[in-house]
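To start, the structure itself, in structure tokens.
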Amino acid sequence: MSLNDGKSTQLDSDLLRTFLAVAKAGSVSGGAAHLLRTQSAVSLQVQKLEGTVGQRMFERHGRGVTMTAAGEQLLPVARRVVEMLGRRSARNASGGRNPPRDPRGIW
């Protein structure tokens, strides 16, 4: 995936979490419900992610969304990043000790 302007741009972890929620739900409204956000807020975050990456992550249709090839490519990366950030946050919250791993995984 190439960035839209060729400059180094950082992806906000919240955008990746939103991407994962929409991908899992198969719809913006379902992702919004999972995240306890409004549909319009989630839609704006998806648009921001797509603008940052320079490619569409989802094809929108009347019954929800499907991932594009770029979305399929981002999916495993987003999962790993969010998982690593979750572990880091949990480790910080536990005073530096490794927290027990959730056997259910992230998604």
Side-chain angles (χ1 to χ4, degrees):
M1 279 176 273
S2 64
L3 297 177
N4 58 356
D5 61 1
K7 298 178 183 174
S8 176
T9 305
Q10 294 183 354
L11 288 177
D12 181 339
S13 63
D14 200 39
L15 296 179
L16 294 177
R17 286 183 180 88
T18 298
F19 167 76
L20 290 172
V22 172
K24 181 180 181 186
S27 70
V28 174
S29 60
H34 176 77
L35 296 168
L36 303 176
R37 294 190 181 147
T38 64
Q39 183 175 345
S40 61
V42 169
S43 182
L44 286 172
Q45 284 193 301
V46 169
Q47 289 174 9
K48 183 176 179 182
L49 173 65
E50 291 174 334
T52 300
V53 174
Q55 295 182 349
R56 293 185 65 102
M57 299 291 108
F58 300 103
E59 290 295 330
R60 287 112 172 128
H61 48 81
R63 299 177 193 259
V65 298
T66 55
M67 275 191 284
T68 63
E72 292 282 352
Q73 189 177 9
L74 179 60
L75 186 63
V77 175
R79 283 181 176 149
R80 281 193 305 269
V81 168
V82 169
E83 181 180 357
M84 284 189 283
L85 290 173
R87 276 193 247 153
R88 172 61 68 186
S89 294
R91 186 177 305 146
N92 289 343
S94 67
R97 297 181 310 276
N98 286 331
R101 184 163 166 85
D102 183 352
R104 297 171 293 162
I106 290 181
W107 304 102

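All residue numbers in this chain count up from 1 along the given sequence. Keep in mind the model is a prediction, meaning the values are calculated, not measured.
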According to the salt bridge (Lys or Arg N to Asp or Glu O under 4.0 Å) rule, which pairs have a member within residues 25-36, sequence neighbours left out? none
Please, which pairs that meet salt bridge (Lys or Arg N to Asp or Glu O under 4.0 Å) have at least one residue in residues 30-45, sequence neighbours excluded? Asp14-Arg37
What I want to find out is whether Arg79 reaches Glu83 closely enough, with some N-O distance under 4.0 Å, to be called a salt bridge. no
Do Val77 and Leu16 have side chains that get closer than 4.5 Å, going by heavy atoms? no
What's the shortest heavy-atom distance between [X] and [Y], and which atoms?
| X | Y | result |
| --- | --- | --- |
| Ala70 | Met57 | CB-CE, 3.7 Å |
| His34 | Ala21 | CD2-CB, 3.9 Å |
| Gly30 | Ala25 | C-CB, 3.5 Å |
| Ser27 | Gly64 | CB-CA, 4.0 Å |

Among Val22, Leu15, Val65, exactly one meets side-chain contact (heavy atoms from CB on, under 4.5 Å) together with Val46. Which residue is that? Val22
Just to verify, what does Glu72 make a side-chain contact (heavy atoms from CB on, under 4.5 Å) with, not counting sequence neighbours?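 side-chain contact (heavy atoms from CB on, under 4.5 Å) check on Glu72 returns Met67.
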Please name all residues satisfying side-chain contact (heavy atoms from CB on, under 4.5 Å) with Leu85, sequence neighbours left out, ordered by chain then number.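 Testing Leu85 for side-chain contact (heavy atoms from CB on, under 4.5 Å), a comparison that skips the adjacent residues, returns Ser13, Arg17, Val81.
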Tell me every residue that passes salt bridge (charged side-chain N to carboxylate O under 4.0 Å, His left out) with Arg56, counting only those two or more places apart in sequence or in another chain.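 Residues passing salt bridge (charged side-chain N to carboxylate O under 4.0 Å, His left out) with Arg56: none at all.
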Stepwise side chain to side chain contact (heavy atoms under 4.5 Å, CB included) check, Leu11 with Val53: CA-CA 8 Å; Leu11 288 177; Val53 174; 4.0 Å; yes
If I take atom [atom1] from residue [X] and atom [atom2] from residue [Y], how far apart are they, to the nearest 0.5 angstrom?
| X | Y | atom1 | atom2 | answer |
| --- | --- | --- | --- | --- |
| Lys24 | Leu75 | NZ | CG | 12.0 Å |
| Leu44 | Leu49 | CG | CG | 12.5 Å |
| Lys48 | Thr18 | NZ | OG1 | 10.0 Å |

Contacts satisfying ring-ring contact (aromatic ring centres under 6.0 Å, His included) that involve residues 53-84 (not counting sequence neighbours) are Phe19-Phe58
